[in-house]
Amino acid sequence: MKVVTWNVNGIRARQTELARLLDDEQPDVVCLQEIKAASDKVPELVVAAGGYWCYWHGATGYSGVALLIRHSFFTTRPVFTHPAFDHEQRIVVADLDSCVVASVYVPNGGKDYEAKTRFLTALAAWSAETTRAGRTLLICGDLNVAREERDVHPKERKANQIGTRPDERTLFAELLATGLTDVGRALDPDNDALFTWWPPWRQLRQRNIGWRIDYLLAGDGLAARARTAVSRREFGTSDHAPVVATFETAPGATPALQP
């Protein structure tokens, strides 16, 4: 099973690139963030993603998330929902039988820091509730928190800046404590240059002076089967890289995500 998560920073500007990414990677699950468009504003992409069950959850010019599930991976259209704490089109959830996949775009916090902490708190509570219900959970997306100090390049570190504050990192730790594993870090534990977002100036992306704020967080049954996780820094014109992960399929599982 292959999963891609990508903050596209505007789907209308990235339609061609997404079509190419789908063709290159042939992913089974695609989680998108910051689509900045309502579903009726991306008709060409809906056609281009014809091999997928698509759900677009956005509004013109701001925020928004999407989920694409490959037909051959899950043969009937999944049920797509939004937890009660969703606001500004920031989370969509697909029910894939015993597995729940969420595409998440956490508020940056620059304009309303309390909204960010409320969202992270609610996300952890929802994750705990989902896990207690016996579901395998996969949360993918732009969580807008650099989990550790090394997840920000030394040249980008500033005291008490949003995205690195102790209370944000505590909330992130509480989310992980609901039974989730940070797949990217688990598979690349010694890489201090593992970034997924770069400020769009001074060639910081080319110099890999960035932050790690895009994640795949997997429940125990799924995390144990994670095999690769790569940040594709060279791909596309968004300020975020697509993160691509692969998981070994559980023996006899139908669909492939089942624990």
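- Looking at Asn7 and Tyr105, their side chains come closer than 4.5 Å, going by heavy atoms from C-beta outward.
- Salt bridge Arg185/Asp190: absent, no basic N to carboxylate O contact under 4.0 Å.
- Neither Phe80 nor Val100 shares a network with the other; the hydrophobic side chains, linked directly or stepwise wherever heavy atoms of I, L, V, M, F, W or Y lie under 4.5 Å apart, form separate groups for each.
- Side-chain contact check for His153 and Asp192: no donor-acceptor pair (N or O, by modelled atom type) lies under 3.5 Å.
- Ring planes of His82 and Tyr55: tilted class, angle from 30 to 60°.
- Although no hydrogens or angles enter the test, the distance criterion places a donor-acceptor pair under 3.5 Å between the side chain of Arg225 and the main chain of Glu248.
- Closest heavy-atom contact between Ile162 and Gly109: CD1-O, 3.4 Å.
- Atom CD of Glu156 and atom CG of Leu204 lie 6.0 Å apart (nearest 0.5 Å).
- Between the side chains of Tyr113 and Asn108, no donor-acceptor pair is found at a separation under 3.5 Å.
- The existence of a salt bridge linking Arg169 and Glu149 is confirmed by a sub-4.0 Å separation between a basic side-chain nitrogen and an acidic carboxylate oxygen.
- The nearest pair of heavy atoms linking Tyr215 to Asp151 is OH-OD2, 4.4 Å.
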Could you go through Glu34 and Val8, starting from their C-alpha distance and side-chain angles, then the distance that decides it, and tell me whether this counts as side-chain contact (heavy atoms from CB on, under 4.5 Å)?
CA-CA 6 Å; Glu34 208 171 356; Val8 294; 5.5 Å; no
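- Side-chain contact between Val244 and Val3 is absent, with no heavy atoms from C-beta onward closer than 4.5 Å.
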Fill in: Intermediate values then yes/no, side-chain contact (heavy atoms from CB on, under 4.5 Å), Lys2 and Glu25
CA-CA 8 Å; Lys2 182 178 286 188; Glu25 296 289 351; 2.9 Å; yes
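- Listed here is the closest heavy atom pair of Glu88 and Arg90: OE1-NE, 2.9 Å.
- At least one side-chain heavy atom of Pro27 sits under 4.5 Å from a side-chain heavy atom of Leu22.
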Walk me through it: do Tyr52 and Ile69 pass the test side-chain contact (heavy atoms from CB on, under 4.5 Å)?
CA-CA 5 Å; Tyr52 291 82; Ile69 309 294; 5.6 Å; no
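- Counted by atom type alone, Thr178 and Thr131 present zero donor-acceptor pairs between their side chains at under 3.5 Å.
- Leu123 places a side-chain heavy atom less than 4.5 Å from the side chain of Leu175.
- The shortest distance between side-chain heavy atoms of Leu176 and Arg147 falls below 4.5 Å.
- Note on Leu194 and Trp198: separate hydrophobic clusters, where clusters join Ile, Leu, Val, Met, Phe, Trp and Tyr whose side-chain heavy atoms are under 4.5 Å apart, directly or indirectly.
- Although no hydrogens or angles enter the test, the distance criterion places no donor-acceptor pair under 3.5 Å between the side chain of Glu234 and the main chain of Gln206.
- Asn191 meets the side chain to side chain donor-acceptor pair (under 3.5 Å) test with Asp188; sequence neighbours excluded.
- By the side chain to side chain donor-acceptor pair (under 3.5 Å) test, Thr81 is found to be paired with no residue, residues two or more places apart in sequence or in another chain being considered.
- Side-chain atoms of Asp142 and Trp6 include no donor-acceptor pair closer than 3.5 Å.
- Aromatic ring orientation, His71 versus Trp53: tilted (interplanar angle from 30° to 60°).
- Interatomic distance, CD of Gln89 versus NZ of Lys36, reported as 14.0 Å (0.5 Å rounding).
- Neither side chain, Asn9 nor Ser238, offers a donor N or O lying under 3.5 Å from an acceptor on the other.
- Rounding to the nearest 0.5 Å gives a distance of 9.5 Å between SG of Cys99 and CZ of Phe74.
- The backbone N or O of Arg205 lies less than 3.5 Å from a partner atom in the side chain of Arg233, making a donor-acceptor pair.
- Side-chain atoms of Arg212 never come within 3.5 Å of backbone atoms of Val152 as a donor-acceptor pair (strictly under, hydrogens ignored).
- Clustering ILVMFWY residues whenever any of their side-chain heavy atoms sit less than 4.5 angstrom apart, transitively, puts Leu180 in a cluster other than the one holding Leu222.
- The backbone N or O of Ala245 lies less than 3.5 Å from no partner atom in the side chain of Arg227, so there is not a single donor-acceptor pair.
- Atom CD of Glu114 sits in a sparse spot, with 12 or fewer heavy atoms from other residues, nucleotides or ligands closer than 6.0 Å.
- Closest heavy-atom contact between Ala66 and Val92: C-CG1, 4.0 Å.
- Using a 4.5 Å cut-off on side-chain heavy atoms (C-beta onward), Phe195 and Asn208 make contact.
- A heavy-atom distance below 4.5 Å is found between the side chains of Val106 and Lys116.
- Side-chain contact check for His240 versus Ile213: some heavy-atom pair is nearer than 4.5 Å.
- Identified under the salt bridge (charged side-chain N to carboxylate O under 4.0 Å, His left out) test for residues 50-75, with sequence neighbours left out: Asp28-Arg70.
- Note on Leu67 and Val93: separate hydrophobic clusters, where clusters join Ile, Leu, Val, Met, Phe, Trp and Tyr whose side-chain heavy atoms are under 4.5 Å apart, directly or indirectly.
- Under the 4.0 Å criterion applied to side-chain N and carboxylate O atoms, Asp95 and Arg135 are assigned as salt-bridge partners.
- Leu120 and Leu137 fall within the same hydrophobic cluster, defined by Ile, Leu, Val, Met, Phe, Trp and Tyr side-chain heavy atoms under 4.5 Å apart, directly or through other members.
- Residues Leu187 and Ala226 share a closest heavy-atom pair of CD2-O, 3.8 Å.
- Residue Val104 comes nearest to Leu143 through the heavy atom pair CG1-CD2, 4.0 Å, listed as atom of the first residue, atom of the second, then distance.
- Within a 6.0 Å sphere centred on CD of Gln203, other residues, nucleotides and ligands contribute 12 heavy atoms or fewer.
- Glu17 and Thr237 are linked by a side-chain donor-acceptor pair at a separation below 3.5 angstrom, with hydrogens and angles left out of the test.
- Annotation: the span from Arg12 atom CZ to Arg14 atom CZ amounts to 11.5 Å, rounded to 0.5 Å.
- The CZ atom of Phe73 lies 14.0 Å from the CD atom of Gln26; values are rounded to the nearest 0.5 Å.
- Side-chain N/O atoms of Ser103 and Gln33 include a donor and acceptor closer than 3.5 Å.
- One distance of note links OG of Ser127 with CG of Leu217; it measures 8.0 Å at 0.5 Å rounding.
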Requested in this report: Step by step, work out the side-chain contact (heavy atoms from CB on, under 4.5 Å) result for Ile11 and Trp56.
Outcome: CA-CA 10 Å; Ile11 191 59; Trp56 304 93; 4.0 Å; yes
